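Just below is one structure, and these are the notes that go with it.
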Number of protein chains: 2
Amino acid sequence: MARAGLTVERVVAAAADLADEVGFENVTVSALARHFGVKDASLYSHIKNVQDLRTRLALLAGEEMIDHIAAAVAGCAGRDALAAFAGAYRTYALKHPGRYAATQIRLDQPLAADSRAMRRTAEITYGMLRAYGLEEPDLTDAVRLLRSTFHGYCALEAAGGFNASRDVRASWDKAVDALHTALEHWPREERREAQRKEKSPS
Amino acid sequence: MARAGLTVERVVAAAADLADEVGFENVTVSALARHFGVKDASLYSHIKNVQDLRTRLALLAGEEMIDHIAAAVAGCAGRDALAAFAGAYRTYALKHPGRYAATQIRLDQPLAADSRAMRRTAEITYGMLRAYGLEEPDLTDAVRLLRSTFHGYCALEAAGGFNASRDVRASWDKAVDALHTALEHWPREERREAQRKEKSPS
DNA sequence: CTCCTTACCTAGAGGTCCTAGGTAATACTC
DNA sequence: GAGTATTACCTAGGACCTCTAGGTAAGGAG
């Protein structure tokens, strides 16, 4: 009986491909075993359990995605960096829906939670935003806004949440423009007070 | 043998509560049957299959959520309406994580896809945005931006995606402020051209 | 060529989804 | 209240999934 030559890396890589094909939630040990022409029990010498497989897949996808984004952002600043980041983010999410879904699961192992990919993502995001001259806590607020919008948009688009009446790519570009505007006119305390006074008599 | 008195409505309602307890993806026919003290096969006279159960749950949650939002937005306009919408959205999503997750699944039945809840949500959202004087296609773009940010933020927050270093509620308020700013300074074609000229010599 | 590691196996328990066909509790009719 | 129709709920069983325990054989190291 010829061996399939399984290793953790090959198993996780195959799981990633499978995730992009059939969806992250449909990545099953059995399906993976079928893909290798092997019994499911055989995979348990390489992975601890399904949870373990998914965590490894999430880490792989996280690394891949931030590499992709970092390459796009390199050498850009300000609005260009934002557009590059956004474009690379959406491209990856749409091209690799299963891997992208994997990046969104909660990693309960605290060791995995601050992986290299996590730290790099934070670095690049905060670095990109420094051009807008924000300071804490506004910087964190802005990061959360960007992450939310990017993730929400890609999740909705991938789930078919947008009807086809308007080009989805065009809306994305507009959203990125709007975020750029929001970052440039970031609401600071004095602005908000002023606006509140302005509208209070109404 | 005393009957449990099952009906479709009771089953779906119990599924909704179960979803909020254990998460939408963990709503299973078996668990639901256990909750009623009944064999799983018995539920299949009330629901077609798991997919059917989830679709019904999604429709229920969608109705509930838009009712909650509509009540909050009633009588507000402009920035207040946006804040009320956002607040009600996030409140519901955090209070009913399972139901909220249900609202995000893809409804493949075209009949269910434009349900009453869907149409009401669209009405209320577009109505809220009319105060900003946008026209198509910018209106659709703005709706997509709001949906994305709201959904993304709640999804990330519910998944524990934000660390506790900064108050999550405060970030949310800032994000809503930023969206308001973005809507007021919505990037129109002439603005973008002007900005492009402005920065092109750099 | 032997030994050791390990890739892969069989067997089996337990959970989930779902169908087919049956029994009994309720509601409806007279 | 007796007979009838409806349906809530049952048992039995197949298919697929996760995961454990313990075994066999393929490959490399000496």
Side-chain angles (χ1 to χ4, degrees), chain A residues 1-60 98-99 101-102 105-109 112, chain B residues 1-60 98-99 101-102 105-109 112:
Chain A
M1 34 183 81
R3 299 200 179 188
L6 299 189
T7 63
V8 193
E9 289 73 23
R10 287 195 61 198
V11 169
V12 175
D17 290 342
L18 184 61
D20 286 337
E21 274 176 41
V22 303
F24 177 66
E25 68 282 359
N26 295 321
V27 171
T28 154
V29 178
S30 310
L32 213 49
R34 265 195 303 276
H35 169 263
F36 282 114
V38 142
K39 300 291 171 186
D40 21 347
S42 305
L43 291 186
Y44 286 89
S45 7
H46 303 96
I47 56 168
K48 217 172 126 272
N49 49 34
V50 181
Q51 188 55 43
D52 177 49
L53 174 66
R54 294 193 170 155
T55 301
R56 289 173 188 274
L57 176 44
L59 291 177
L60 171 76
R99 289 169 212 242
I105 65 168
R106 184 192 187 98
L107 300 176
D108 22 33
Q109 293 97 327
Chain B
M1 34 182 84
R3 298 197 177 187
L6 300 189
T7 63
V8 192
E9 289 74 23
R10 288 196 59 198
V11 169
V12 175
D17 290 341
L18 183 62
D20 286 336
E21 275 175 41
V22 303
F24 178 67
E25 68 282 0
N26 295 322
V27 170
T28 154
V29 179
S30 310
L32 213 48
R34 265 196 301 277
H35 169 264
F36 281 113
V38 143
K39 300 289 171 185
D40 22 347
S42 306
L43 291 185
Y44 286 88
S45 6
H46 303 96
I47 56 167
K48 220 171 124 271
N49 49 35
V50 180
Q51 187 57 42
D52 178 48
L53 175 66
R54 293 192 170 158
T55 302
R56 289 173 189 274
L57 176 45
L59 291 176
L60 171 77
R99 291 170 210 242
I105 65 167
R106 186 194 187 96
L107 300 176
D108 23 33
Q109 292 97 329

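By convention in this document, chain letters (A, B, ...) are assigned in the order of the sequence lines, proteins followed by strands, and residues within each chain are numbered from 1. Remember, predicted model here, so these are calculated numbers, not experimental data. Atom set for the values below is all heavy atoms of this structure, side chains included, hydrogens, waters and symmetry mates excluded.
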Between [X] ([atom1]) and [N] ([atom2]), how many Å, whole number?
X	N	atom1	atom2	result
H35(A)	dC8(C)	NE2	P	14 Å
N49(A)	dT20(D)	CG	P	7 Å
Q51(B)	dC17(C)	CD	C1'	13 Å
I47(A)	dT20(D)	CD1	P	10 Å
Y44(A)	dT10(C)	OH	P	16 Å
L43(B)	dC17(C)	CG	C1'	12 Å
K48(B)	dC18(C)	NZ	C1'	11 Å
K39(B)	dT23(C)	NZ	C1'	16 Å

In residues 38-45 of chain B, what donor-acceptor pairs under 3.5 Å come from side-chain atoms, sequence neighbours left out?
from, atom 1, to, atom 2, distance (Å)
S42(B), OG, K39(B), O, 3.2
S45(B), OG, S42(B), O, 2.8

Distance from [X] atom [atom1] to [Y] atom [atom2], nearest 0.5 Å?
X	Y	atom1	atom2	result
H46(A)	R56(A)	NE2	CZ	10.5 Å
L18(A)	R34(A)	CG	CZ	9.0 Å
I47(B)	D52(B)	CD1	CG	6.5 Å

| field | Shortest non-hydrogen contact between A19(A) and R99(A), atoms and distance | value |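 Where A19(A) meets R99(A) most closely, the heavy atoms are CB-N, 4.4 Å.
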| message | Minimum heavy-atom separation for E25(B) and R54(B), please, with both atom names. | response |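 Shortest heavy-atom separation between E25(B) and R54(B) comes out as O-NH2, 3.6 Å.
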| Are OP1 or OP2 of dA8(D) and a side-chain N or O of S42(B) less than 4.0 angstrom apart? |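 So the side-chain polar atoms of S42(B) never come under 4.0 Å of the phosphate oxygens OP1 or OP2 of dA8(D).
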Quick one, [X] and [Y] - any side-chain contact, counting heavy atoms below 4.5 Å?
X	Y	result
L59(A)	L107(A)	yes
L53(B)	K48(B)	no
T28(A)	V50(A)	no

| Where the side chain of A41(A) is defined as all heavy atoms beyond and including C-beta, which of dA11(C), dC8(C), dC10(D) is the nearest nucleotide? |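 That would be dA11(C).
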| message | Any residue in residues 5-17 of chain B with a heavy atom nearer than 4.0 angstrom to DNA chain D? Just list them by number, or reply none. | response |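 Within residues 5-17 of chain B, the residues near DNA chain D are G5(B), L6(B).
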Please list, pair by pair, any protein nitrogen or oxygen found under 3.5 Å from a nitrogen or oxygen in nucleotides 15-17 of chain D.
from, atom 1, to, atom 2, distance (Å)
dC17(D), OP1, R34(A), NH2, 3.2
dC17(D), OP2, R34(A), NH1, 3.0
dC17(D), O3', T28(A), OG1, 3.0

